[in-house]
There are 2 protein chains.
Amino acid sequence: MNRGEEDYIKAIYEIESRQQSHDVISNLHLMQYFSHTAQTVNEMIKKLSKKKLVEYIPYKGSTLTEDGRNSAIRLTRVHRIWETFLVEKLGYSWEEVHDEAERLEHITTKKMEERLFIFLGEPETCPHGNKIPSVEYHKEIKEIKKNTLIDAIEKKEYRLESVVDDKEILTYLNHLDVKIGQLFSVSRIDPVNELIELSMNNQTIVIGYKVAKCLFVNAC
Amino acid sequence: MNRGEEDYIKAIYEIESRQQSHDVISNLHLMQYFSHTAQTVNEMIKKLSKKKLVEYIPYKGSTLTEDGRNSAIRLTRVHRIWETFLVEKLGYSWEEVHDEAERLEHITTKKMEERLFIFLGEPETCPHGNKIPSVEYHKEIKEIKKNTLIDAIEKKEYRLESVVDDKEILTYLNHLDVKIGQLFSVSRIDPVNELIELSMNNQTIVIGYKVAKCLFVNAC
DNA sequence: AATTAAATTAAGGTTAACCATAAAAAAAGG
DNA sequence: CCTTTTTTTATGGTTAACCTTAATTTAATT
């Protein structure tokens, strides 16, 4: 698999995760994701299909085969390991690491992956709080359903578990001095204006639904 | 500059260093170095020439321009920083790091280079004993002429300063348990058979001229 | 200086990853 | 079920990095 193929496999996996479902991913999704033309996406998907990395039903979309899924998970693992390295060892901040890790992941050998993981002390999550998949992906327990702030209930207490790896949102959270593990309570939900009011550290902050969908939380 | 261009620039720099002269590097050299055809080398060199990274005299060869040389030095710096990381932090052995560093160097940003260098404690040499060029290449003192074991004198004492980054030779030195800093004396030179006999740690080892040319030493 | 050998360049081909335009096929909606 | 919209595919184009074969130019040798 080369860079382009890897990018496509990972994109399908990521779009899937975002939707929190295993629906087929349409070519349209990929067009938007990469800003590639229909033609380009179609060619790429047919190539991946020939290689048995995706199963493609024309006019419907693609799903990852077991091979494809394993590759995607392994890329995600490597990506998150590198992100951890950049933050913990090189002092990057969490919104800076995505692009660097994106390039590193494609040139990482099995040996580097293993050594780096051990060097980092076998971390469980990346700097954004996302789980680093284990080496034995296939034995992995199915992903636990994740709750975003959108599903939160008024007056309850929550803990921030993870954040979507999006530069804008990460930078915004820096501003608010919010980190993984932050405790807060939902003081008010305003569905008309699509806002959620949180209180934490003796102050109140207001978050729009768009951002709320990117924050994964657990009641506590 | 993309991967291919960077590889060519670095190759010219390396061939130059090996020859310990600033002679022009012929296309033939590059053909052998990359196992590319004359045509391919010619096209690449003309491209680099158009970009003012090399100065090319047809039927003679190429020299690096100041821009080209700076790029090559910066790539060498990054390469050696990564080699140091792999050996010191990830426990690689010195003959395993070349190819990994080769891929890492092309995706390393200025920021990563800086952070990694500091993280490693601003090392002066790579695991093979070669100097890591400073960030300010242009202010760099001209390379000190290096002496190989070929130039050694019988009965004198030497210290191993650095080794050419060649897998076969590095593995061979592992066998002999020879490391950078090793002290030894030249017990006998046999120019007929092109051999040099060394004594170290109460034992005698015999080295051919081919290997001797790859070992840089200083009298002590 | 003429011949031979070596090195370069020209011409044209391949593959991979992208693109645009337009035709065709399928899905969706009234 | 027929029309509109969406999605796919066919056709053909571009650029980059490689290739081969053959012609040309320069360098080396006698």
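Any value given below was found using the heavy atoms of this structure, including those in side chains, with hydrogens, waters and symmetry copies removed. In what follows, chains carry the letters A, B, and so on, assigned in the order in which the sequence lines appear, proteins first and then strands, with residues in each chain numbered from 1.
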Chain B contact limits on DNA chain D, taken 5' to 3' with a cut-off of 4.0 angstrom to heavy atoms
dA17(D) to dA27(D)

Between dC18(C) atom P and K46(A) atom NZ, what is the distance in whole Å?
16 Å

Nearest nucleotide by nearest heavy atom, which residue falls closer to the 5' end of DNA chain C, L28(B) or T40(A)?
L28(B)

I need a per-nucleotide contact map over nucleotides 23-30 of chain C, read 5' to 3'. Cutoff is protein heavy atoms under 4.0 Å; write B for the base, S for backbone only, - otherwise.
--BSS---

Which nucleotide, dC19(C), dT8(C), dA10(C), lies nearest any side-chain atom of E43(A)?
dC19(C)

Kindly say whether K52(A) contributes a backbone atom to a donor-acceptor pair with the side chain of T65(A) at under 3.5 angstrom?
yes

Can you measure L30(B) atom CG to dT8(C) atom C1' for me and round it to whole angstrom units?
14 Å

Within this structure, what is the CD1-to-C1' distance between I25(B) and dT8(C), rounded to whole angstrom?
18 Å

Taking only residues two or more places apart in sequence, or in another chain, which ones meet F34(A) in a ring pair (Phe, Tyr, Trp, His ring centres under 6.0 Å)?
Y8(A), H36(A)

For D166(B), side-chain contact (heavy atoms from CB on, under 4.5 Å) partners two or more places apart:
V164(B), E168(B), I169(B)

Can you list everything that forms a side-chain hydrogen bond (donor to acceptor under 3.5 Å, both in side chains) with S49(A)? Sequence neighbours excluded, please.
none

So does M112(A) get a backbone contact from the side chain of Y92(B), meaning a donor-acceptor N/O pair under 3.5 Å?
yes

Please list, one pair per line, the donor and acceptor atoms closer than 3.5 Å that link side chains of residues 81-88 of chain B to other protein atoms, with sequence neighbours excluded.
| residue | atom | partner | partner atom | Å |
| --- | --- | --- | --- | --- |
| W82(B) | NE1 | T108(B) | OG1 | 2.8 |
| E83(B) | OE1 | H128(B) | ND1 | 3.2 |
| E83(B) | OE2 | H79(B) | NE2 | 2.9 |
| T84(B) | OG1 | R80(B) | O | 2.7 |

Residues in side-chain contact (heavy atoms from CB on, under 4.5 Å) contact with E197(B), at least two apart in sequence or another chain
S187(B), R188(B), T204(B), V206(B)

Nucleic acid contacts - residues 31-39 of chain A versus DNA chain C, non-hydrogen atoms under 4.0 Å:
S35(A), H36(A), T37(A), Q39(A)

Residue pairs involving residues 115-125 of chain A (criterion side-chain hydrogen bond (donor to acceptor under 3.5 Å, both in side chains); sequence neighbours excluded)
none

Could you pull out all residues at least two apart from R103(B) that satisfy side-chain contact (heavy atoms from CB on, under 4.5 Å)?
I107(A), T109(A), R3(B), E100(B)

Sugar-phosphate, base or nothing in reach of Y56(A), heavy atoms under 4.0 Å
sugar-phosphate

Please list, chain by chain and in numerical order, all residues satisfying salt bridge (Lys or Arg N to Asp or Glu O under 4.0 Å) with K51(A), sequence neighbours excluded.
E5(A)

Pairs touching residues 54-64 of chain B that satisfy side-chain hydrogen bond (donor to acceptor under 3.5 Å, both in side chains), sequence neighbours left out:
N27(B)-Y56(B)

